[in-house]
Amino acid sequence: MHAFADLLDRLIYTRSRNAKLKLIGDYLRATPDPDRGWAMAALTGDLDLPAVKPAMIRALIEERVDPVLFRMSRDYVGDSAETVALLWPAPKAAPGSGEPLTISAVVDRLGSLSRSDAPAALAGMLDRLDADERFALLKMATGALRIGVSARLAKTALAQAFGLDVEAVEEVWHGIAPPYDTLFAWAAGTGAQPTAADVPVFRPFMLAHPLEDLRVSLDDYAAEWKWDGIRVQLVHVADETRLYSRAGDDITASFPEVARDFRSPGVLDGELMVKGEFQGRGREEGGGAASFNALQQRLGRKIVSAKMLSDYPAFVRLYDILFDGAEDLRELPWEARRPRLEAFAAGLDPERFDVSQVIDATDFTELEGIRAGARDASIEGVMLKRRDSPYVTGRRVGLWYKWKRDPLTADCVMMYAQRGSGRRSSFYSDYTFGCWTEEGELLPVGKAYSGITDEELKMLDRFVRNHTLNRFGPVREVEKTLVLEVAFDSIHESKRHKSGVAMRFPRIARIRTDKPAAEADTVAGLRRLIT
């Protein structure tokens, strides 16, 4: 546990990507199985210890220290795990005495316990560790590392450490369960390379760069609509179907009707949506999709009722084909994959699957005019795909571009602020903002933490500290005097918000120190933006 704690500590204070790769690689080479496998599971978000919950950890620390002291300390530190690690009282026996606690011992013990038995076991482990090790244990157990390491970076570090192809690692990752015995056997040269021949594994998506100010020739690029659902991968291998989200999460159970109707061997890329008439202008023109809010009713459900299936029927708009049967098509150019996709889709249920249409435009200027109608049709924007592009992992410059519709903006008043996580844990960086009602009441309409520079973050943090009205745990209510210009993709009705509306993808565009709070926008004005 000590080596893993040291790794986390170093990663938190390391900005350089190459330095992080080296730190992780050195740790993996020096750490035996299965500890390094469980460490990789923690770094990539694949470690699940359901018996350990944040509420249980709070209860443990509040049995040992004054609850008020804990809450005040949590507010100051900005991270629960770090606060508990520092406040945990020193045990009678010195930390580190006795048999060293390994990661695999932690996982084996906590993974086998019920929620009623886990608190005592976790407390006993915390008694054996020093503050840094307690921090690592709690972060690992709750799955909330937030140390500036993405799953892709951790896999890249593993590949570089053992001289493997990172794409080959990604290819089989989701088909191998932690602690990845076969993967590390291959890495160590003691086992064969794992393959995905008989397992419906996830392949990382091809992604797009923002188009920004670039103009391209439609002789070289094909244009498609960018729909507002969730990106999914459909995999059918060995008479088994799985649906994967963009992050590689298995969401098959949430959409059983889609899995049931995808019975052709192959791998497809598409956008999962709910049927409706919100997006597009009818199915014959490539529409026929409900809003993202409708899709949200289905997300995250492990059991889907018959009423839910009836009220929110899901379908997939297909973008690309990776495998046709056992044939890997990813090295083919897009213009060769497209007819293969259309032929594959012709054998699927048209009520459950259709193919994203190519936009008919003679040149980029005409495409600009067509894209201008995206907001009226409630479509996210346009995708531009180079006709000779293979299907490759991640973002590659020059291959695919996303040209999203211009965002909406509103002037809102900051109401509350909360400390961030990771490197932002010392700053008030998460802001709740509101707009005015006709009666002059300020009601929350959204929350954002992105879009600002480091200097703007410091400025907003000073404002929060100097203009606090009330404290509610980690949240501060501030004077309603600062206006933020907020950009957002769309706005929808929301029963969960007192204002009755909710923004989609809000981010801070500008800090409006020049504008009086009384002149900020109104909830009624936001309602007029609902499409």
Residue pair Arg36 / Tyr27: nearest heavy atoms and the distance that separates them: CA-CE2, 4.5 Å
4.5 Å side-chain heavy-atom contact, Phe292 and Asp489: no
Heavy-atom side-chain contact between Leu183 and Met40 under 4.5 Å: no
Backbone N/O of Asp35 and side chain of Thr31: donor-acceptor pair under 3.5 Å: no
Any Met125 side-chain heavy atom under 4.5 Å of Leu110 side chain: yes
Min side-chain heavy-atom separation Ile359-Trp225 under 4.5 Å: yes
Leu234 and its side chain to side chain contact (heavy atoms under 4.5 Å, CB included) partner, picked from Leu322, Leu318, Thr252: Leu318
Ala185 backbone acceptor or donor facing Thr190 side chain under 3.5 Å: yes
pair Phe202-Val267: side-chain heavy atoms closer than 4.5 Å: no
Distance, nearest 0.5 Å, that separates CG of Leu153 from CZ of Arg17: 5.0 Å
Over 12 non-hydrogen atoms of neighbours within 6.0 angstrom of NZ in Lys22: no
Within 6.0 Å of CZ in Arg330, more than 12 heavy atoms from elsewhere: yes
Residue list, side chain to side chain contact (heavy atoms under 4.5 Å, CB included) with Arg29, at least two apart or on another chain: Asp26, Ala161, Phe162
Residue pair Leu28 / Phe184, side-chain heavy-atom distance below 4.5 Å: yes
Closest approach of Ser389 to Leu399 (non-hydrogen atoms, all atoms of both residues): CB-CD2, 3.9 Å
Pro204 versus Thr393, closest heavy-atom pair with distance: CB-CG2, 3.4 Å
Atom pair CG (Asp9) and OG1 (Thr14), whose distance is rounded to the nearest 0.5 Å: 9.0 Å
Heavy-atom closest pair, residues Gln160 and Leu21: OE1-CD1, 3.8 Å
Side chain to side chain contact (heavy atoms under 4.5 Å, CB included) partners for Thr432, two or more places apart: Tyr416, Pro444, Lys447
Step-by-step side-chain contact (heavy atoms from CB on, under 4.5 Å) determination, Leu272 to Arg298: CA-CA 11 Å; Leu272 189 143; Arg298 295 285 306 270; over 6 Å; no
Step-by-step side-chain contact (heavy atoms from CB on, under 4.5 Å) determination, Phe262 to Leu268: CA-CA 10 Å; Phe262 187 68; Leu268 303 184; 3.6 Å; yes
Presence of salt bridge, Arg74 and Asp79, under 4.0 angstrom: no
Derivation of the salt bridge (charged side-chain N to carboxylate O under 4.0 Å, His left out) call for Arg371 and Asp406: CA-CA 10 Å; Arg371 170 185 171 270; Asp406 295 332; 3.3 Å; yes
Ile61 to Trp88 - nearest heavy-atom pair and separation: CD1-CE3, 3.8 Å
Glu224 and Arg338: CA distance, side-chain angles, deciding distance, salt bridge (charged side-chain N to carboxylate O under 4.0 Å, His left out) verdict: CA-CA 12 Å; Glu224 299 176 28; Arg338 176 72 187 198; 3.6 Å; yes
Verdict with supporting geometry, Arg203 and Asp269, salt bridge (charged side-chain N to carboxylate O under 4.0 Å, His left out): CA-CA 10 Å; Arg203 277 91 175 177; Asp269 175 351; over 6 Å; no
Exam field: side chain Asp461 to backbone Tyr428, donor-acceptor pair closer than 3.5 Å: yes
Polar side-chain atom of Arg405 near backbone of Ile379 as donor-acceptor pair, under 3.5 Å: yes
Whether Tyr391 and Trp400 hold their rings parallel, tilted or perpendicular, with breakpoints at 30° and 60°: perpendicular
Arg395 CZ: over 12 foreign heavy atoms closer than 6.0 Å: yes
Partner residues of Arg387 under the side chain to side chain contact (heavy atoms under 4.5 Å, CB included) criterion, sequence neighbours left out: Ala222, Trp334, Glu335
Derivation and outcome, side-chain contact (heavy atoms from CB on, under 4.5 Å), residues Val316 and Met273: CA-CA 6 Å; Val316 179; Met273 297 181 284; over 6 Å; no
Working for salt bridge (charged side-chain N to carboxylate O under 4.0 Å, His left out), residues Glu271 and Lys226: CA-CA 9 Å; Glu271 194 85 4; Lys226 187 179 190 302; 5.9 Å; no
His209, NE2: over 12 other non-hydrogen atoms inside 6.0 angstrom: yes
Under 3.5 Å: donor-acceptor pair, side chain of Ser254, backbone of Arg301: yes
Asp320 and Leu329, any side-chain heavy atoms less than 4.5 Å apart: no
Validation row: Leu295, Tyr312 side chains within 4.5 angstrom (heavy atoms): no
Gap separating the CZ atom of Arg352 from the CG atom of Asp354, nearest 0.5 angstrom: 11.5 Å
Donor-acceptor contact present, side-chain Gln297 to main-chain Ala294, <3.5 Å: no
Heavy-atom closest pair, residues Pro100 and Arg128: C-NH2, 4.0 Å
Short side-chain to backbone donor-acceptor contact, Arg507 and Phe505, under 3.5 Å: yes
From CA spacing to verdict: side-chain contact (heavy atoms from CB on, under 4.5 Å), Leu7, Leu23: CA-CA 7 Å; Leu7 173 66; Leu23 285 171; 4.1 Å; yes
